[in-house]
Amino acid sequence: MESLTLTDGSHLVVDALKLNGIDTIYGVAGIPITDLARLAQAEGLRYIGFRHEQSAGNAAAIAGYLTQRPGICLTVSAPGFMNGLVALANATTNCFPMILISGSSDRAIVDLEQGDYEELDQMNAAKPYAKAAFRINRPQDIGIGVARAIHAAVSGRPGGVYLDLTADVLSTTLDGETAKASLVKVVDLAPRQIPAPDSITRALELLATAKRPLIILGKGAAYAQADKDIRAFIETTGIPFLPMSMAKGLLPDNHSQSAAAARSLAIGRADVVMLIGARLNWLLAHGKGPLWSGSTRYVQVDISPTEIDSNRPIAAPVVGDIKSAISAFLTALKPNQIRSNAEWLEEIAQRKQKNIQRMTARLNADPNPMNFFSALRAVRAALDDKPDVYVVNDGANTLDFTRNIVDMYEPRRRLDSGTWGVMGISMGYAIGAAVVSGKRVLAIVGDSAFGFCGMEIETICRYQLPVVTLIFNNNGIYRGDEIGSAPSPTGLFQNARYDKLIEAFGGAGYHVTDTPSLIKALIDALEAGKPALINCVIDPRAGTESGHLENLNPKSQLSATA
Ligand code: ADP
Ligand code: TPW
Ligand code: MG
């Protein structure tokens, strides 16, 4: 008698991921997914084991952003799942495709709340924070469940998807033939969404009436990988552009049409603004208030129809995927339909020149101790001939100053705290970017921001990833405070030697206090392409509370010490 080959749920999950071209898993092992992780590795998937699920999830999310395929994060039940959930919610908020896969405890016990090991109704806990959440209860449903999760993560507006695998499903066996037949290869991962032709005409007509048009590029535009067409549209129309933080480098920051160094003027004076993959959320002051002229009319290109009219009325919505939309714009654009306005470009150029001069003076000063300007002068110098280095950025003042001072020249090279302004993404994003690209990463992080994920330097050393972490160490959240009788709410350990931490794992630690040493440390570390941590001493008085967001910081009218 011919013996039946048997397989089980864990094998099927690995087969289903492989069949769909997924080659990496980011996770933390334990009951009930240890064997699944081992098996994945044995079957040729790359498994990156982290110290905390939040960083594993952040790595998966940024991998999804960079590759247009869902990044996979694997966690254990209840607490492991909850640790990963912050990253899942952050991915959804930022429109990054990822799938959080967690093992879960016995359904019968969980549903009656009988107190199982790591008991939690994970699927329902995930729902409010995910684009979709599914549970697989039978091994024969693994194929369809994985396919559905992949589609949900990547199609339309990308986001985080939760996939619950019960311990039972992972260990249940079924015969090889049935199992094989149950697998599903996803067809057309992210179907094109071609915008209606009349929406394109309407938008072009509005742009043609503009005296002072402006294009704002968001991370949706960077995600879409339509780099050439976006550049062609901007250069053909001559419209100035402004990149949102993670869209920096989509066109090089030194492009003559970049209005980045004249941001307030460009936004305040523009009469028609074309948003491409950028939301009118808090990062653009909701399109209201003193930054805006009040009479601005908008074109908005976005894949999500419900994004339109979310904050301001949109005169010309273009709903579709950016790649198809920009290609449609280029086809429909008539010669000279939109002609660049020399006066408008000149107005921007003059403001740019003035601001750049002011910035240059600040960058060239040599205060002792260093401030953010003199430290970032070193970063600029070190990155000058290395446009392919990924720059990850996490912190408050550290984030604001780096964004404004460090130019980017290639698309999708800048990865940062994003839509939520969340601290602690840096080590996960740095690992994800290094794993996906094999390229060097420079993570520029505040000392507080580093603390949320710092243990992942062990992960970086264990996998020998080319990640250089640069900590702007000003002894605190926003800045360092004088030590009083008790540590202040925003103060951190004074003069901490973060560089010694990485030495515990064989990485290179640097402790620098002046600009020339910082340039040298950065060049050495980046050229070595090995794990390194540069502890850069910044004047504790240099930062401002809440960075550039002082207006969002409610202050008590009563003195705390009264
Ligand atoms: P930023 O923070 O850079 O301003 P946001 O995250 O606010 O960018 O906006 C990104 C927008 O891009 C979201 O509204 C999302 O729906 C949209 N988007 C993401 N991918 C695509 C795509 N491929 N085509 C069209 N729109 C997209
Ligand atoms: C998950 C609140 C915003 S910025 C910040 C915190 C704690 C730290 C800023 O200090 P850092 O940078 O990193 O040293 P710098 O250069 O200004 O000194 N918890 C989460 N997210 C946020 N945003 C906070 C708390 C916060
Ligand atoms: Mg700090």
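By convention here, the first residue in the shown sequence is residue 1. For clarity, every value in this text was computed on a predicted model and none was experimentally measured. Below, each value reflects all heavy atoms present in this structure, side chains not excepted, and no hydrogens, waters or symmetry copies. Counting convention: from 1, in listed order, for ligands and their atoms alike.
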Would Glu307 count as being in polar contact with ligand 1, using the rule that some N or O on each side must be under 3.5 angstrom apart? no
among protein heavy atoms, the one nearest atom 16 (O) of ligand 2 is Thr398 OG1, 2.6 Å
Ala190: heavy atom below 4.0 Å from ligand 1, yes or no? no
Which ligand 1 atoms, with their elements, are less than 4.0 angstrom from a heavy-atom of Met244? 3 (O), 4 (O)
Under 4.0 Å between heavy atoms, the region of Thr419 that gets near ligand 1 turns out to be side chain
For Gly218, the ligand 1 atoms with a heavy-atom partner under 4.0 Å come out as 3 (O)
Just go through Leu284, Asp302, Val301 and tell me whose heavy atom is the nearest to atom 15 (C) of ligand 1. Asp302
Is there a heavy atom in Tyr478 that sits closer than 4.0 Å to ligand 2? yes
Would you say Tyr129 has more than 12 foreign heavy atoms packed within less than 6.0 Å of its OH? no
If you count the atoms of ligand 2 from 1 in the order shown, which ones are under 4.0 Å from a heavy atom of Asn397? 15 (P), 16 (O), 17 (O)
Under the criterion salt bridge (Lys or Arg N to Asp or Glu O under 4.0 Å), I'd like the reasoning laid out for Glu545 against Lys555: C-alpha separation, chi angles, the key distance, then a yes or no. CA-CA 11 Å; Glu545 182 161 320; Lys555 283 274 193 184; 3.4 Å; yes
Go through the steps to decide whether Asp321 and Lys323 satisfy the test salt bridge (Lys or Arg N to Asp or Glu O under 4.0 Å), and finish with yes or no. CA-CA 6 Å; Asp321 77 88; Lys323 201 168 186 150; over 6 Å; no
Going by the 4.0 angstrom heavy-atom rule, the piece of Asn281 near ligand 1 is side chain
With heavy-atom distances below 4.0 Å as the criterion, list the atoms of ligand 1 near Tyr223. 20 (N)
shortest atom 14 (O) of ligand 2-to-protein heavy-atom contact is with Asp447 OD1, 2.6 Å
Sub-3.5 Å N/O-N/O distance, Ala396 and ligand 2: yes
For ligand 1, the portion of Arg279 having any non-hydrogen atom under 4.0 Å away: both
Are any side-chain N or O atoms of Asp302 and backbone N or O atoms of Gly277, one a donor and one an acceptor, separated by less than 3.5 Å? no
Can you tell me if Phe452 has a non-hydrogen atom under 4.0 Å from ligand 2? yes
If you have a sec, work out which protein heavy atom is nearest atom 23 (N) of ligand 1 and how many Å separate them, to one decimal? Ala224 CB, 3.9 Å
Shortest protein contact, atom 24 (N) of ligand 1 (heavy atom only): Ile322 N, 2.9 Å
Is there an N/O/S atom in Gly446 at a distance below 2.8 Å from the Mg ion (ligand 3)? no
What I want to find out is whether Asp366 reaches Arg377 closely enough, with some N-O distance under 4.0 Å, to be called a salt bridge. yes
Under 3.5 Å: donor-acceptor pair, side chain of Trp282, backbone of Thr419: yes
Enumerated ligand 1 atoms positioned under 4.0 Å from heavy atoms of Gly277: 8 (O), 9 (O), 10 (C), 11 (C), 12 (O)
My question is simple, although I want it checked carefully: is atom 2 (C) of ligand 2 less than 4.0 angstrom from any protein heavy atom? no
Determine whether the aromatic ring centres of residues Phe241 and His255 are separated by less than 6.0 angstrom. yes
Hey, is CZ on Arg312 packed in by over 12 heavy atoms from elsewhere, all under 6.0 Å? yes
Does Gly476, backbone or side chain, put an N or O under 3.5 Å from an N or O of ligand 2? yes
Considering only protein heavy atoms, which is closest to atom 8 (C) of ligand 2, and at what distance to one decimal place? Ser448 OG, 3.3 Å
Distance-only side-chain donor-acceptor flag, Thr201 / Asp198, under 3.5 Å: no
If we only consider heavy atoms of Phe372, is any one of them less than 4.0 Å away from an atom in ligand 2? yes
Give the contacting part of Arg157 toward ligand 1: side chain, backbone, both or neither, where contact means a heavy-atom distance below 4.0 Å. side chain
Would you mind checking if Glu458 and Arg51 are paired as a salt bridge, meaning a charged N to carboxylate O distance below 4.0 Å? yes
In this structure, is the centre-to-centre distance between the rings of Phe81 and Tyr162 below 6.0 Å? yes
Does a side chain donor of either Asn94 or Asn90 reach within less than 3.5 Å of an acceptor in the other side chain? yes
Please name the atom of Asp447, limited to N, O or S, that comes nearest to the Mg ion (ligand 3). OD1
Geometry only, no angles: is Ile303 polar-contacting ligand 1 at N/O separations under 3.5 Å? yes
Could you check atom 13 (O) of ligand 2 against the protein and tell me its nearest heavy-atom contact, residue, atom and distance included? Ala449 N, 2.9 Å
With no hydrogens and no angle check, do the side chains of Asp514 and Ser517 hold a donor and an acceptor under 3.5 Å apart? yes
Quick test: of every protein heavy atom, which one is nearest to atom 19 (C) of ligand 1, and how far off is it to 0.1 Å? Gly220 CA, 3.8 Å
Only heavy atoms of Gly320, strictly under 4.0 Å: list the atoms of ligand 1 that pass. 24 (N), 25 (C)
Under 3.5 Å, N or O to N or O, is Pro158 touching ligand 1 that way? no
How does Asn474 reach ligand 2, by side chain, by backbone, by both or by neither, if only non-hydrogen atoms under 4.0 Å count? side chain
Any nitrogen or oxygen of Gly421, main chain or side chain, under 3.5 Å from a nitrogen or oxygen of ligand 2? yes
Only to 10 degrees, please: what angle do the OD1 atom of Asn474 and the O atom of Gly476 make about the Mg ion (ligand 3)? 90°
Looking at Glu205 and Arg202, is any side-chain nitrogen of the basic one under 4.0 Å from a carboxylate oxygen of the acidic one? no
Taking the six-membered ring for Trp, are Phe233 and Phe329 parallel (under 30°), tilted (30 to 60°) or perpendicular (over 60°)? tilted
More than 12 foreign heavy atoms under 6.0 Å from CZ of Arg297: is that the case here? no
Over all heavy atoms of both residues, which pair between Leu518 and Cys536 is shortest? Give the atoms and the distance, please. CD2-SG, 3.8 Å
Under a 3.5 Å cutoff, is there a donor and acceptor pairing between the side chains of Asp416 and Ser245? yes
Under 6.0 Å from the CZ atom of Arg497, do we count more than 12 heavy atoms belonging to anything else shown? yes
Going by the side chain to side chain contact (heavy atoms under 4.5 Å, CB included) test, name the single residue among Ile471, Ile457, Asn535, Thr469 that passes it with Leu501. Ile457
Candidate with minimal heavy-atom separation from atom 6 (C) of ligand 2, of Gln54, Glu545, Met423: Met423
Within-cut-off N or O pair, Lys219 and ligand 1, under 3.5 Å: yes
